[in-house]
Amino acid sequence: MENFQTVLRFFMNQKATIGYSFMALLTIGGERVFSMVSFQCPCNHDQNFTYGLTFLLGPAAVLLVLGLFFSTRLWRLYTGCCLNPMKLCPRGNCLGSFRVFISIFTGACVAPIMWLSVALLNGTFYECSVSGLDDNLVVDFFCKNKTLKCREELARVPCDRSKLPSDERMELLLMFRAQSQILGWCIIITAVFVGLVGTCYKNCRSKVSYLQLTFWKRYVEKEKERFDAYAVDYATKLAERNLHSFFENKDPDPFPFPNHKAWEEISAYYTFSRSEQFYSTLQRYVEKTDRDYTPEKRPVMDMEHGLEMS
């Protein structure tokens with residue numbers, strides 16, 4: 001039993017690393033599926049560049065949008081800011097909100113960078129797109145010291161329809177793939193270097209010590225887990241109370257529920273202050289001495305954001 005708990009604790013502590021590893025495996029698998037199943041280079045000057053670039057950048061753009069769409073931190077920061085722009089600058093700290101958005105955007109870029117790196121290391125999409133360029137500098141670079149037919153057949157090199165000798169075609173393919181892999185490694189090295197520098201700068205500017213920062217991260221994780229559990233529990237109780245009142249045709253029992261102002265306060269972006277040793281907006285709210293305990297008697301959502309049961 002102790003061995004099982006040790007293994008479980010290890011996986012819980014390394015869940016970020018495991019998550020990124022799983023994402024990398026999915027990216028590699030997705031790239032292989034695209035390359036082998038759906039990707040068919042047209043091998044002509046008019047379509048090669050657009051087609052190859054679409055397969056290279058299209059999935060990266062989709063992964064970026066999905067990363068932002070599924071970011072709870074982004075929606076926590078953004079929700080309601082059109083009606084109340086001060087939500088983006090709690091306590092006048094607009095710079096802090098900007099840093100949070102940069103952090104959210106950086107996290108959403110992990111999957112697109114993985115895709116670009118894997119796709120470039122494979123080279124299939126790059127060789128198709130580059131072979132379709134009509135720029136004289138590009139053509140002269142690849143067809144230097146080669147026959148005139150090289151310029152005419154360059155777009156057909158990624159396919160088996162090229163009329164060039166096999167050794168010349170293989171030489172061009174190797175040049176395409178070498179350039180693609182160099183770009184792939186450049187992206188990987190740049191991403192790793194930027195990530196290291198960013199992490200070092202963030203820790204260097206931290207207002208708390210390393211152990212307190214570790215505790216803070218653990219607290220935020222546990223608070224989120226328990227909040228989700230409490231939300232499910234209270235939503236179930238409220239639904240049962242309302243249905244009980246409806247089907248038995250009687251007034252509903254009193255039900256304690258936070259008021260709108262309380263929800264607004266705990267949903268705000270949290271900024272750390274040395275004068276207030278709190279770890280979240282929820283802790284700051286519950287430890288206030290002037291809290292408003294007036295319950296929300298009839299919480300109503302407007303039609304724009306209301307939910308309809310289907």
Side-chain angles (χ1 to χ4, degrees), residues 11-35 37-39 52-82 85 87-90 94-122 124-126 129 180 183-203 213 216-218 220-225 227-228 231 267-271 280-281 305:
F11 281 111
M12 290 299 295
N13 293 335
Q14 301 297 326
K15 59 183 179 181
T17 303
I18 295 173
Y20 284 131
S21 301
F22 183 70
M23 187 187 302
L25 291 176
L26 286 179
T27 304
I28 295 173
E31 194 277 336
R32 296 307 299 170
V33 170
F34 269 92
S35 299
V37 178
S38 61
F39 183 79
L53 206 62
T54 299
F55 272 81
L56 184 63
L57 300 181
V62 172
L63 289 173
L64 177 62
V65 172
L66 290 177
L68 293 173
F69 185 80
F70 289 108
S71 174
T72 55
R73 295 176 66 197
L74 176 64
W75 297 121
R76 183 170 184 171
L77 185 67
Y78 176 78
T79 301
C81 68
C82 291
K87 285 186 175 182
L88 293 176
C89 300
C94 296
L95 183 60
S97 297
F98 179 74
R99 285 199 298 263
V100 171
F101 181 77
I102 293 298
S103 176
I104 294 170
F105 184 80
T106 302
C109 286
V110 173
I113 289 175
M114 285 184 178
W115 169 267
L116 288 175
S117 302
V118 172
L120 288 172
L121 289 177
N122 186 33
T124 306
F125 306 142
Y126 179 85
S129 59
S180 180
L183 286 176
W185 277 111
C186 286
I187 290 177
I188 294 174
I189 293 171
T190 302
V192 171
F193 180 76
V194 171
L196 176 62
V197 172
T199 303
C200 291
Y201 177 78
K202 182 179 179 181
N203 288 350
L213 184 63
W216 190 352
K217 293 178 181 178
R218 296 290 184 270
V220 171
E221 292 176 0
K222 293 302 179 182
E223 183 186 271
K224 183 180 183 303
E225 292 177 5
F227 180 87
D228 292 340
S267 299
Y269 161 68
Y270 177 70
T271 54
S280 69
T281 52
H305 297 93

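Residue indices begin at 1 and follow the sequence shown. What you are looking at is a predicted structure, and each value in this text was computed from that prediction instead of being measured.
Remark: Leu183 CG to Thr190 OG1 distance equals 10.5 Å, nearest 0.5 Å. The distance from atom OG of Ser117 to atom CD1 of Ile188, rounded to the nearest 0.5 Å, is 4.0 Å. Between Asn122 atom CG and Phe39 atom CZ the span is 10.0 Å, to the nearest 0.5 Å. Taken from CZ in Phe70 to CH2 in Trp75, the straight-line distance is 10.5 Å, to the nearest 0.5 Å. Remark: Ser180 OG to Leu120 CG distance equals 4.5 Å, nearest 0.5 Å. Taking CG from Leu64 and CG from Leu57, the interatomic distance works out to 11.5 Å, rounded to the nearest 0.5 Å.
Considering every non-hydrogen atom in both Gly67 and Ala108, the closest pair reads C-CB, 3.8 Å. Listed here is the closest heavy atom pair of Leu74 and Leu68: CD2-O, 3.3 Å. The nearest pair of heavy atoms linking Val100 to Arg73 is CG1-NH2, 3.7 Å.
Using a 4.0 Å cut-off between charged nitrogen and carboxylate oxygen, Glu221 and Lys224 do not count as a salt-bridge pair.
Panel note: side chain Arg76, backbone Ser267; a donor-acceptor pair is recorded below 3.5 Å. Panel note: side chain Thr199, backbone Gly195; a donor-acceptor pair is recorded below 3.5 Å.
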Next on the checklist: The test is side-chain contact (heavy atoms from CB on, under 4.5 Å); show your working for Trp185 and Leu121 and say whether it passes.
Outcome noted: CA-CA 8 Å; Trp185 277 111; Leu121 289 177; 3.5 Å; yes
